[in-house]
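Here's the structure we're looking at; comments come further down.
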Amino acid sequence: MIRIEHLVKSFGPLEVLKDISTEVDSGEVVAIIGPSGSGKSTLLRCINLLEVPTAGHIFVGGIDITSPKCDILKVRQNVGMVFQHFNLFPHKTVMGNLTYAPMKVRGLSKADASKIAMDLLNKVGLAEKADQYPSRLSGGQKQRVAIARALAMEPDVMLFDEPTSALDPEMVKEVLDVMKALVRTGITMAIVTHEMGFAREVANRVLFLDGGYLVEDAPPDVFFSAPKSDRAQQFLEKVL
Ligand SMILES: Nc1ncnc2c1ncn2[C@@H]1O[C@H](COP(=O)(O)OP(=O)(O)OP(=O)(O)O)[C@@H](O)[C@H]1O
């Protein structure tokens with residue numbers, strides 16, 4: 001579903017991703033972990049072109065999204081993203097947040113977009129909040145709306161950039177539970193996370209980045225119990 005070939009990303013003279021190659025199969029769930037500043041968010045953001053790679057290629061569903069001919073809006077339609085700070089539209093209701101892009105970008109009628117939105121709000125347990133504005137919601141509820149909003153575009157791939165980092169501890173579980181339910185639907189997911197227990201439980205693979213290098217790419221049982229590199233061992237000693 002996603003193939004990354006020799007990806008390099010620089011910000012001016014600073015090379016933050018260094019020759020990264022990996023693949024994510026359809027239905028796979030990949031956790032991206034590593035120390036602060038190692039390039040995790042930048043890697044994720046390259047997959048929907050929020051960051052434009054400096055070199056290398058990224059294929060999503062067989063399409064080279066790094067080709068100059070590629071339509072960025074089409075890519076983003078197929079690759080949903082959930083951010084740490086929710087990024088909901090503050091002046092739209094929950095329903096308005098969910099129906100905006102499906103109507104504007106996918107050209108759905110209001111009735112069709114509303115039906116998809118209501119199904120999703122039921123799935124994330126927030127149907128009764130459809131007419132509320134984001135400012136009236138808790139952080140956990142906002143993040144569940146953000147997940148539903150991304151899903152309303154019916155993407156093939158979902159990207160999560162530290163989706164629970166900005167939440168109070170008691171709200172982390174409700175968001176992780178929604179994500180676990182999503183995993184069971186078989187959608188392809190890439191998740192930058194500091195939640196090691198969650199990564200261990202739901203991911204098919206762990207990508208460990210350090211200093212812009214993809215240092216390890218392994219199943220969670222292997223990575224967490226017997227990391228190959230010193231760098232991953234040191235990291236795990238600090239976080240587990
Ligand atoms: N837009 C930008 N302009 C310049 N430098 C950037 C930009 N975005 C990221 N960087 C730098 O790239 C490096 C990698 O950042 P990135 O946010 O990808 O790391 P991360 O592993 O996600 O970190 P964290 O866990 O702290 O979020 C850092 O040195 C960061 O300062």
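FYI, side chains are in, hydrogens and waters are out, and symmetry mates aren't considered; it's all heavy atoms of this structure. Order of listing sets the numbers, starting from 1, for every ligand and every atom in it.
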For the student: nearest non-hydrogen atoms of Arg205 and Val24, plus distance | NH1-CA, 4.2 Å
For Pro35, atoms of ligand 1 separated by under 4.0 Å from a heavy atom | 21 (O)
Value for NZ (Lys228) from CG (Asp217), rounded to nearest 0.5 Å, stands at 8.5 Å
Determine, counting only non-hydrogen atoms of the protein, whether one lies under 4.0 angstrom from atom 22 (O) of ligand 1.
-> yes
Heavy-atom proximity to atom 28 (C) of ligand 1 ranks first, among Gly34, Gly12, Gly37, Gly39, for Gly37
Provide, to 0.1 Å, the distance between atom 26 (O) of ligand 1 and the closest protein heavy atom, together with that atom's residue and name.
-> Ser36 OG, 2.6 Å
Tell me which protein heavy atom sits closest to atom 9 (C) of ligand 1, plus the residue, atom name and distance to 0.1 Å.
-> Phe11 CE1, 3.5 Å
Backbone or side chain, does any N or O of Ser38 fall under 3.5 Å from an N or O of ligand 1?
-> yes
So which of Arg45, Gln84, Lys40 gets nearest to atom 25 (O) of ligand 1, if we judge by its closest heavy atom?
-> Lys40
Give the numbers and elements of all ligand 1 atoms closer than 4.0 Å to a heavy atom of His194.
-> 25 (O)
Rounded to the nearest 0.5 Å, the CG atom of Leu159 sits from the CE atom of Met189 at a distance of 10.0 Å
Inter- and intrachain pairs under salt bridge (charged side-chain N to carboxylate O under 4.0 Å, His left out), touching residues 172-193, at least two apart | Arg144-Glu174, Lys173-Asp177, Lys180-Glu201
Contact atoms of ligand 1, heavy-atom distance to Glu162 under 4.0 Å = 24 (P), 25 (O), 27 (O)
Test the Lys238-Phe235 pair against the cation-pi criterion, namely NZ or CZ under 6.0 angstrom from the six-membered ring centroid and within 45° of the ring axis.
-> no
Donor-acceptor side-chain pairing of Glu216 and Ser229 below 3.5 angstrom = yes
Rounded distance (nearest 0.5 Å) linking atom CG of Asp71 with atom CD1 of Ile65 | 12.0 Å
Which bit of Thr42 is near ligand 1, meaning a heavy atom under 4.0 Å away: side chain, backbone, both or neither?
-> both
